[in-house]
Amino acid sequence: MTGGRPYYITTPIYYVNDAPHIGHAYTTVACDALARFMRLDGRRVKFLTGTDEHGQKVARSARDAGVDPKTFTDRVSLNFREMTRLMNISNDDFIRTTEERHIRSCQALWQELERRGEIYLGHYKGWYSVRDEAFYDESELVNGKAPSGADVEWYEEENYFFRLSAWQDRLLEFYEKNPNFIAPTARRNEVISFVKSGLNDLSVSRTSFTWGVPVPGKPGHVMYVWLDALNNYQTAVGYPDTESEEYKTFWPADLHMVGKDIIRFHTVYWPAFLMAAGLQPPRRVFAHGWWTVEGQKMSKSLGNFIPPQKLVDQYGVDAVRYFMLRELPFGSDGDFSHRAMVGRINGDLANDFGNLAQRVLSMIAKNCGGRVPAKGPLTPADDALLGAARRLLPRLRAEYAEQAFHKALEAVFEVVAAANRYVDEQAPWALRKTDPARMETVLWVAAETIRHLAILMQPVVPTAAGKLLDQLGAEARDFAALDGAPLVPGTALPKPEGVFPRYVEG
RNA sequence: GGCAGCGUAGCUCAGUGGUAGAGCAGGGGAAUCAUAAUCCCUUGGUCGGGGGUUCGAAUCCCUCCGCUGCUACCA
């Protein structure tokens, strides 16, 4: 089954002012698993990530660092590129909002919105807090200060507004007609109730700073950061050239993966901007949850952000990826603890899956001359196990389609458990003396099952699954090979070697 | 304050009208191919409290308690 519909998936572009942490790694790993899954399933995939580099905060950080903004962002954007390498991410493109292609794209979008009368000149007035870099309504002030306690000052600025208020009904209609647009359901309900409560027009230009995309024909104005940032998803597929092969193939995007903090921008503003420009909104936005660390919220004051490098050094990249996608229902918040991590590494990966592979491959190495064993007549027990393995793909397609990674992995591990039971029940070590031919068949069935499992685990643990397939002598590794390329008896195999080491406290 | 959701075994959760479930943790046993891994059996819950509807409620209704999210322009 190849040649399905193209698949375009994006991470948010990460704000360069932050250092990459576990949250960034999480979003990106989830997208990577989806991208890899879809590629293995024969779909043409575009997987985009990148960095958001404009805004007053960035300009200030650059100034503090004593360099110009471009030099500064060139430097810090690399931190996120390095994170993709570290986490073994298979992105097809890495976009930066300071790139020429993006500036052009944003200006074209602006002009289209303006041409259609969706943007008008107005005045922004409000209480502004420099510390929070945010505006507050009169009603939000507490004793003349921001809710955060920061000082505020009266602020008036001439800027351009987007007619968001005019899109309220059309947005609600869009949500109604596209029930899968916002996930999980709880988030969808929140967004809908927010839109129902009424929308105000949105200021989409700033004159108070210059580090942004210049508004075409309006000296002194730069674009509102979110209009700039969201449009990266279109830039990467060639906008404004909507007739390009790339754009026609991949737009609208299949999935924008986001953290729950930025869902509104992606599910209210973004579809409104696009519809207003006569363009198609994305098909789906998924808002995942947050990690706490050892039971505590991550915060700057606690200083408990975990750099991805530290996790990978300690546990290994495959283990971290597996943990992130298995430990909690995708969409919910969860806790990242050492104890839970070790439980997954040793319990699931090393003991259940790793040891299954090791015990089977060792027996093959010792008793079958290091070659794929001969396959004799199959018993009902053999067929039952192989059948369970073959039924996984349709199940996984359904779970991945809903970003239910934990359920997909649970399904895989049900078969891992079934395979361990099978080996125990068939006891090939006993058959070795009583019925060597049957022993070979049992080992073939077990190895063939492991091949299925390894192929299906590639999206989550690409390195370990790849090594496992090496050891099985399996050349073809996409999902078409599941039923299409079973193990060939007699194939010479390399010496088995553990691919999921136990974590030992030290 | 308003709106929404949640509260089920030690832990994480599934279960939305018909005799309480899974994984992990705990206890006992089997096996010995294997990363001392695996397999089998098992302890454990008045399903947050109270009231109601029903032949029957974790599951529907009311109420109380506790927790969480959202309530616009900070990534």
Side-chain angles (χ1 to χ4, degrees), chain A residues 12-18 23-24 51-58 124 126 129 131-137 140 146 148 150 161-162 164 185-187 189-204 206 224-227 229 258-265 268-269 289 326-329 332-335 337 339-340 343-367 406-407 410 413-414 416-417 419-432 439 442-443 446 496-504:
Chain A
I13 44 175
Y14 301 116
Y15 200 53
V16 287
N17 234 33
D18 297 328
H24 300 108
T51 45
D52 181 10
E53 309 188 2
H54 287 135
Q56 196 168 17
K57 244 184 201 174
V58 174
Y124 195 94
S129 159
R131 195 179 84 189
D132 300 346
E133 213 182 37
F135 285 94
Y136 296 102
D137 191 78
E140 291 180 279
S148 62
F161 282 77
F162 170 70
L164 184 63
T185 308
R187 298 292 163 202
N189 295 339
E190 285 176 7
V191 170
I192 289 175
S193 87
F194 168 74
V195 173
K196 277 185 176 164
S197 75
L199 296 174
N200 298 325
D201 289 349
L202 186 69
S203 67
V204 288
R206 294 292 137 84
Y224 170 53
V225 290
W226 273 105
L227 179 58
V258 301
K260 62 185 184 181
D261 55 330
I262 55 175
I263 185 142
R264 175 179 307 150
F265 304 106
V268 181
Y269 302 167
R326 176 65 185 88
E327 182 63 8
L328 52 98
S332 307
D333 291 347
D335 186 47
S337 72
R339 174 190 285 273
R344 289 297 176 191
I345 291 175
N346 290 348
D348 296 0
L349 295 179
N351 295 353
D352 289 347
F353 192 23
N355 184 58
L356 168 68
Q358 189 67 10
R359 67 197 300 209
V360 170
L361 288 166
S362 296
M363 279 187 276
I364 289 174
K366 289 176 187 164
N367 304 306
H406 61 297
K407 289 187 188 173
E410 193 174 18
F413 274 78
E414 279 170 18
V416 169
N420 270 317
R421 277 196 298 277
Y422 170 86
V423 173
D424 270 40
E425 285 162 7
Q426 299 300 319
W429 51 91
L431 291 169
R432 182 161 64 100
M439 174 199 74
V442 166
L443 292 176
E497 195 177 317
V499 297
F500 292 115
R502 284 181 67 78
Y503 183 91
V504 181

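Every chain is numbered from 1 and lettered A, B, ... according to where its sequence line falls, protein lines coming before strand lines.
For the pair A:Leu431 and A:Gln426, the tightest heavy-atom approach, listed with the atom from each and the gap, is CD1-O, 3.4 Å. Closest of all the heavy-atom pairs between A:Ala365 and A:Pro496 is CB-CD, 3.8 Å.
By the ring-ring contact (aromatic ring centres under 6.0 Å, His included) test, A:Tyr269 is found to be paired with A:Phe265, residues two or more places apart in sequence or in another chain being considered. When the salt bridge (Lys or Arg N to Asp or Glu O under 4.0 Å) test is applied to A:Lys260, the partners found at least two apart in sequence or on another chain are A:Asp333. Partners of A:Arg344 by salt bridge (Lys or Arg N to Asp or Glu O under 4.0 Å), not counting sequence neighbours, listed by chain and number: A:Glu327, A:Asp348. Taking A:Tyr224 as the reference, nothing meets the side-chain hydrogen bond (donor to acceptor under 3.5 Å, both in side chains) condition, with sequence neighbours excluded.
Summarising the geometry, the separation between CZ on A:Phe265 and P on B:C74 is reported as 6 Å, rounded to the nearest angstrom. Spacing between atom CD of A:Glu190 and atom C1' of B:C6 amounts to 13 Å, rounded to whole angstrom units. In this structure, A:Arg264 atom CZ and B:C70 atom P are separated by 9 Å, rounded to whole Å. A straight line from CG of A:Asp333 to P of B:U68 spans 12 Å, rounded to a whole angstrom. Rounding to whole angstrom units, CD of residue A:Glu327 and P of B:U12 are separated by 11 Å. Rounded to whole Å, atom P of B:G69 lies 9 Å from atom CZ of A:Arg187. Between A:Asp261 atom CG and B:C70 atom C1' the separation is 14 Å, expressed in whole Å. The interatomic distance linking A:Arg326 (CZ) with B:A22 (P) rounds to 15 Å, in whole Å.
Taking atom C1' on both B:A25 and B:G7, the two are 22 Å apart, rounded to the nearest angstrom. A gap of 11 Å separates the C1' atoms of B:C65 and B:G50, to the nearest Å. For the C1' atoms, the distance from B:U59 to B:G23 is 23 Å, rounded to whole Å. Nucleotides B:G28 and B:A34 have their P atoms positioned 26 Å apart, rounded to a whole Å. The same atom, C1', is picked in B:G48 and in B:A31; the two are 45 Å apart, to the nearest Å. Taking the C1' atom of each, B:U46 and B:U8 are spaced 12 Å apart, rounded to whole Å. If you take atom P in B:G29 and the same atom in B:C61, they sit 49 Å apart, rounded to whole Å. Going from the P atom of B:A20 to that of B:G26 covers 28 Å, rounded to whole Å.
Residue A:Gly198 is classed as a base contact, given a heavy-atom separation below 4.0 Å to a base. Among the protein residues, A:Ile13 comes within range of no part of the nucleic acid, since none of its heavy atoms lies under 4.0 Å from any strand. In this structure, A:Leu202 reaches the bases: a heavy-atom distance under 4.0 Å links it to at least one base atom across the strands shown. Note on A:Val268: nothing from the nucleic acid sits closer than 4.0 angstrom, heavy atoms only. Among the heavy atoms of the strands lying under 4.0 Å from A:Tyr269 is at least one base atom, whether or not backbone atoms are also near.
Between A:Leu356 atom CG and A:Leu361 atom CG the span is 8.5 Å, to the nearest 0.5 Å.
The base-pairing partner of B:U46, taking Watson-Crick or G-U wobble contacts with both distances under 3.5 Å, does not exist among the strands shown. The base-pairing partner of B:G5, taking Watson-Crick or G-U wobble contacts with both distances under 3.5 Å, is B:C67. Look at B:A30: its Watson-Crick or wobble partner, with both distances under 3.5 angstrom, is B:U38.
The 5' end of RNA chain B is approached more closely, in terms of each residue's nearest nucleotide, by A:Pro329 than by the other of A:Pro329 and A:Glu425.
Other residues, nucleotides and ligands contribute only 12 or fewer heavy atoms inside 6.0 Å of the CD atom of A:Glu497.
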For a quick test of your reading: what N or O donor-acceptor pairs under 3.5 Å do the side chains of residues 191-200 of chain A make, sequence neighbours left out?
{"residue": "A:Ser193", "atom": "OG", "partner": "A:Glu190", "partner atom": "O", "Å": "3.2"}
{"residue": "A:Ser197", "atom": "OG", "partner": "A:Phe194", "partner atom": "O", "Å": "2.6"}

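Here A:Trp226 reaches the OP1 or OP2 of B:A75: one of its side-chain N or O atoms lies under 4.0 Å away.
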Mark up nucleotides 32-38 of chain B, 5' to 3', with B wherever a protein heavy atom is under 4.0 angstrom from a base atom, S wherever such an atom reaches only the sugar-phosphate, and - elsewhere. SBBB-SB
